[in-house]
Every structure is written in structure tokens, then in C-alpha cells.
Number of protein chains: 2
Amino acid sequence: MNPNKIPDIIVGRLPIYLRALQRMADRGLKTTSSQELGEHVGISAAQIRKDISQFGEFGKQGTGYSIQFLMDNLREILKIDQIWDVIVVGAGDMGSALVHYQGFQNRGFRVVMIFDSDKSKVGKKIGEFVVEDIVNMLEKIKSLNIKLAMLTVPAVAAQEVADKLVVAGIKAILNYAPVSLNVPMNVKVQYIDPSVHLQRMTYYL
Amino acid sequence: MNPNKIPDIIVGRLPIYLRALQRMADRGLKTTSSQELGEHVGISAAQIRKDISQFGEFGKQGTGYSIQFLMDNLREILKIDQIWDVIVVGAGDMGSALVHYQGFQNRGFRVVMIFDSDKSKVGKKIGEFVVEDIVNMLEKIKSLNIKLAMLTVPAVAAQEVADKLVVAGIKAILNYAPVSLNVPMNVKVQYIDPSVHLQRMTYYL
DNA sequence: CCGTATTTGTGTTGAATTGCACAAAACAAG
DNA sequence: CTTGTTTTGTGCAATTCAACACAAATACGG
């Protein structure tokens with residue numbers, strides 16, 4: 001089926017490359033090299049070449065890479081040559097910040113709905129959205145065929161809500177709740193926990 | 001000095017273990033095993049044992065680990081057997097959410113100040129804090145001997161602000177701006193970019 | 001057209017990380 | 001006290017990941 005499985009660790013670096021390329025393009029640059037790109041993202045040139053070459057031959061010897069061409073290809077590889085609808089679950093400060101976040105534009109994502117179980121929040125406006133009741137979540141996810149969710153509920157509720165998301169057909173969860181989630185193998189989870197990230201640095205102080 | 005250097009990848013898992021242990025302790029549990037902990041965090045029991053054994057012998061054969069004892073030791077290893085003062089730079093939605101975030105309590109951190117360069121934000125109240133002018137940042141960081149910063153400024157300003165933080169003596173930056181930062185080797189950076197995290201998952205859809 | 005300088009893609013080597021398996025320790029039950 | 005069960009810590013093997021180094025392709029200046 002899939003001839004050569006790409007390691008997660010390589011896939012994980014592609015968005016970093018893409019982000020740096022996007023900034024180069026914004027500055028009006030047309031081409032770059034693995035060397036230059038590597039200096040921007042703090043990764044060795046050899047590694048960048050190997051990573052990119054897993055997916056095809058996108059560069060030219062002597063010249064390097066066309067920034068636009070490489071961006072187009074990375075977007076297609078990452079399946080963000082389209083806009084994905086994303087829901088936010090949990091209408092607290094973090095959920096609100098994500099609704100207002102401008103950084104999804106041009107990166108492949110669009111927040112389309114925000115849910116909460118707290119009746120005092122349901123019906124309130126956050127940005128351009130009205131907070132929806134979580135009891136209607138399954139139905140809404142299914143009818144809009146949404147695959148991505150960002151989870152910003154309290155830790156104690158996170159697993160329970162994640163289970164509901166999985167049942168509703170969500171395939172990828174960006175989890176802001178400070179707990180590890182248990183989900184089926186075919187559902188991906190990425191974790192964002194500021195305390196964990198800070199703790200990874202205090203060790204070195 | 002340090003006889004055996006611990007790989008970053010192991011250090012990176014310790015906060016995950018600690019977080020799971022904290023939840024076990026909250027539920028009143030007293031002991032656990034590498035097996036049980038592994039099921040909670042999705043990591044093999046053998047790996048957890050190896051990781052922990054890098055720092056000493058904290059378990060008992062036949063019994064497993066005392067949750068409280070292991071937590072105490074992990075906290076000491078990660079140097080969070082103290083409360084670190086952290087500043088927020090950038091008083092937008094994300095900076096505001098971080099100021100209000102309850103998840104730093106009991107995890108080793110405390111937000112003590114928030115800065116912005118936008119004169120229309122300086123002086124405004126966010127939570128219990130008044131937004132400080134970024135021109136006073138160096139002085140404040142030095143006088144309070146702050147080592148940790150969370151960066152929530154726009155991408156175009158991030159490198160410039162990071163440079164200032166480094167000059168001021170900041171040793172660890174949690175960067176929410178969607179750019180790779182260039183900092184001296186003795187300064188650590190961790191990245192949080194929701195778009196990057198989502199893009200790491202769309203590949204698999 | 002020729003020589004020099006770049007830069008990719010990749011085969012090979014080396015390092016880092018993970019998985020396996022088991023002796024030794026601790027406990028529980030009878 | 002003995003036997004059976006649990007579980008750690010770790011040596012060794014296997015796998016994964018990163019670095020090195022270079023042939024081949026391209027560009028460019030004269």
C-alpha cells in the first residue's frame with residue numbers, strides 16, 4: 001500500500017520548514033538553499049535535504065530550492081493545500097484566545113465553532129461566534145464533517161470530552177488540557193501544556 | 001562536574017511523568033508501577049524505568065514507586081522544588097490568557113508581570129497586573145532576577161524582543177510567536193504554534 | 001567553451017534511542 | 001520458612017536517527 005512510511009519525526013519538521021519558507025516568501029525571496037533554510041530554523045543542511053528528499057526531488061543542484069515550489073509541495077504533503085475547519089471545545093480564556101487568533105489564516109485552518117458545557121457560557125458571544133452547547137456537539141461535528149478539534153476544557157473533563165470527539169468522528173485533537181489522552185490509534189493528539197514546556201527548560205537552569 | 005549528561009529527549013518526558021503522578025496523587029493513590037504509569041502516559045514501561053533510573057534508584061522491586069517520593073525527586077531534578085517567576089511579553093489575547101491561566105499553580109511557576117510596546121495597552125489592567133511598558137523591561141527583569149519569559153508578540157517583533165530578553169538575562173523562553181528564534185546556546189527555547197501542531201496531524205488524515 | 005563555485009540527493013558510517021529479557025529484590029500467603 | 005508473584009534496574013541487541021562526504025548537476029564569469 002504505502003511503499004515507504006515516513007517517520008513522525010520528519011513529518012514533524014516539515015511545518016517548521018514551511019513556516020520559515022513562508023517568511024522568506026513574504027520578504028520577496030524567490031529561492032533558498034538547505035544551508036540558508038537550516039540557519040533559519042536551527043537544523044543542519046544535510047538533515048533538511050534528507051527530510052525533503054523523502055517526498056521527491058524538489059531542488060536543483062547549484063541553485064537550491066524555489067521557495068514557492070517547495071512551499072506548494074510541502075502544503076500538499078501536509079494536506080494543507082485546503083482549509084480545514086476546526087472546532088474549539090471549552091470557552092474559557094484559552095478557547096477565547098484561539099477563536100481570536102489570527103495565526104490560522106494562510107496556514108490551512110479556520111475556526112468554525114466553539115462549544116462549552118457550562119450553561120452560563122452557552123449563548124454568549126466570543127468573537128463572531130455564539131458559544132454552542134456541548135450536548136449538540138456530536139450532531140454538529142458530523143453534519144459539518146469536521147475532523148480537527150482544539151480542546152481547552154479543564155483537566156478533569158478532558159478525557160470524557162475527548163471520548164465524545166472520537167465518537168463524533170474527530171481524527172486529530174490539539175489538547176491544551178494538562179493530561180495525557182487515551183484515544184484510538186487512528187486518532188492523533190498533539191499536546192500543548194505551558195507548564196510542561198517550562199519544566200523542560202528549568203532542568204537546564 | 002556532571003558525570004553523565006542526560007539526553008534532552010529523556011528530560012522532556014519527565015514533566016509528563018510528573019503530571020500523571022500528580023493526577024494519581026490527587027486521586028489518593030500512594031504507589032504505582034512503571035507498567036501503570038506507562039498506560040497513563042502512553043509510553044512503554046521499560047522506557048519509563050530507564051528514564052527514571054538515569055537519576056537514581058527511586059523504585060522498589062516488587063512494589064513499584066512511591067508516588068509522593070517519585071514526585072518529590074522529579075521536582076527536584078527539574079528544579080521546580082521552588083516557584084519560578086515568569087514574565088509575559090505581549091499583552092494580546094494569548095498574553096492575557098496566560099496571565100489568567102490557573103495551570104501554573106502547583107507546577108512551579110508564577111506570572112509576575114506583563115509587558116507590551118503598544119502605548120494603548122500600557123497601563124491597562126490584565127487580571128491583577130498593570131501592563132508595563134517594554135522600555136522598562138530590561139531593568140525590571142534584572143532587578144527581579146527573572147530567568148523565564150513567555151513571548152506572545154507578533155511574529156515580526158519576536159526576534160527583536162527575544163534579543164532584548166537575552167540581554168536582560170532571561171535563560172528560557174516559551175515562544176508563542178510563529179517564528180524560529182535565534183538565541184545563544186545557553187538560552188533555551190520551547191515553541192508553541194497551534195498551526196504547526198495542527199499541521200503535524202493533517203499529514204495523517 | 002572551459003574552469004570554478006554551488007548545491008542537491010544519497011550511500012555509508014556513526015550515534016542515539018528504544019526494546020528485550022532476566023537476575024535480584026521485595027512482598028504476600030500459607 | 002518456603003514458594004510464587006510482582007516489579008525494578010540494567011546489560012545487550014535491534015532499530016531509528018543524524019552526520020558525513022561525495023558524485024552529479026547546474027550556474028556563472030570570462
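Reminder, nothing fancy here: chain letters follow the sequence lines and each chain counts from 1.
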Next on the checklist: Any residue in residues 64-74 of chain A with a heavy atom nearer than 4.0 angstrom to DNA chain C? Just list them by number, or reply none.
Outcome noted: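 Correct list: A:Gly64, A:Tyr65.
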Checklist entry - Considering only heavy atoms, which members of residues 18-36 of chain A lie under 4.0 Å from some atom of DNA chain C? => result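 Contacting residues: A:Ser33, A:Ser34.
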Identify each atom pair where a protein N or O and an N or O of nucleotides 2-4 of chain D are less than 3.5 Å apart, giving names and distance.
none

Next on the checklist: How long is the straight-line distance from CZ of A:Phe58 back to CD1 of A:Ile52, given to the nearest 0.5 Å?
Outcome noted: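 Result: 8.5 Å between the selected atoms.
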Heavy atoms from other residues, nucleotides or ligands near [atom1] of [X] exceed 12 (cutoff 6.0 Å):
| X | atom1 | answer |
| --- | --- | --- |
| B:Asn106 | CG | no |
| A:Gln82 | CD | yes |
| A:Glu76 | CD | no |

Taking [X] for its side chain and [Y] for its backbone only, find out whether a donor-acceptor pair lies under 3.5 Å.
| X | Y | answer |
| --- | --- | --- |
| B:Thr152 | B:Tyr176 | no |
| A:Arg75 | A:Asp81 | no |
| A:Lys79 | B:Tyr203 | yes |
| B:Asn136 | B:Lys140 | no |
| B:Asp116 | B:Lys121 | no |
| B:Ser33 | B:Gly64 | no |

Next on the checklist: Does any part of the side chain of B:Ile173, heavy atoms only, come nearer than 4.5 Å to the side chain of B:Leu165, both counted from C-beta?
Outcome noted: yes
Checklist entry - Do A:Met201 and B:Lys171 come within less than 4.5 Å of each other through their side chains, counting heavy atoms only? => result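 They are not in contact (no side-chain heavy atoms under 4.5 Å apart), so the answer is no.
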Checklist entry - Taking five pairs at each end of the helix from C:dC1-D:dG30 to C:dG30-D:dC1, what angle separates the two helix axes (nearest 10°)? => result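 Rounded value for the end-axis angle: 20°.
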Could you tabulate the donor-acceptor pairs under 3.5 Å formed by side-chain atoms of residues 36-48 of chain A, not counting sequence neighbours?
| from | atom 1 | to | atom 2 | distance (Å) |
| --- | --- | --- | --- | --- |
| A:Glu36 | OE1 | A:Thr32 | OG1 | 2.4 |
| A:Glu39 | OE2 | A:Gln35 | NE2 | 2.9 |
| A:His40 | ND1 | A:Glu36 | O | 3.1 |
| A:Ser44 | OG | A:Gln47 | N | 3.1 |

Item to check | Any donor-acceptor N/O pair under 3.5 Å between D:dT7 base and B:Gln61 side chain | outcome: no
Item to check | Residues which pass side-chain hydrogen bond (donor to acceptor under 3.5 Å, both in side chains) with A:Asp133, listed by chain and number, not counting sequence neighbours | outcome: A:Lys119
Checklist outcome for this item: Residue set satisfying side-chain hydrogen bond (donor to acceptor under 3.5 Å, both in side chains) with A:Gln22, at least two apart, ordered chain then number -> none
Next on the checklist: Once ring-ring contact (aromatic ring centres under 6.0 Å, His included) is applied, do any residues pair with B:Tyr17, and if so which ones, sequence neighbours excluded?
Outcome noted: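 Listed in chain order: nothing, the list is empty.
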Checklist outcome for this item: When rounded to whole Å, the CD1 to P distance for the pair B:Ile48 and D:dT8 reads 9 Å
Next on the checklist: Without decimals, in angstroms, what is the distance between B:Arg49 CZ and D:dG11 P?
Outcome noted: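 One finds 14 Å between P of D:dG11 and CZ of B:Arg49, rounded.
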What side-chain donor-acceptor pairs closer than 3.5 Å can you find for residues 96-105 of chain A, not counting sequence neighbours?
| from | atom 1 | to | atom 2 | distance (Å) |
| --- | --- | --- | --- | --- |
| A:His100 | ND1 | A:Ser96 | O | 2.9 |
| A:Gln102 | NE2 | A:His100 | O | 2.9 |

Under 3.5 Å, N/O pairs linking protein and nucleotides 16-18 of chain D:
| from | atom 1 | to | atom 2 | distance (Å) |
| --- | --- | --- | --- | --- |
| D:dA18 | OP1 | A:Arg13 | NH1 | 3.2 |
| D:dA18 | OP2 | A:Arg13 | NH1 | 3.4 |
| D:dA18 | OP2 | A:Arg13 | NH2 | 3.1 |
| D:dA18 | OP2 | A:Gln47 | NE2 | 3.1 |
| D:dA18 | O5' | A:Gln47 | NE2 | 3.3 |

Next on the checklist: Reading DNA chain C from 5' to 3', where do the contacts with chain A start and stop? Cut-off is 4.0 Å to heavy atoms.
Outcome noted: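 Terminal contacting nucleotides, 5' to 3': C:dT6 to C:dT12.
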Next on the checklist: Under the salt bridge (Lys or Arg N to Asp or Glu O under 4.0 Å) definition, can you give me all pairs with a residue in residues 48-68 of chain B, not counting sequence neighbours?
Outcome noted: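 Qualifying pairs, neighbours excluded: B:Arg13-B:Asp51.
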Next on the checklist: Quick check on DNA chain D: between B:Ala46 and A:Ala46, whose nearest nucleotide comes earlier from the 5' end?
Outcome noted: B:Ala46
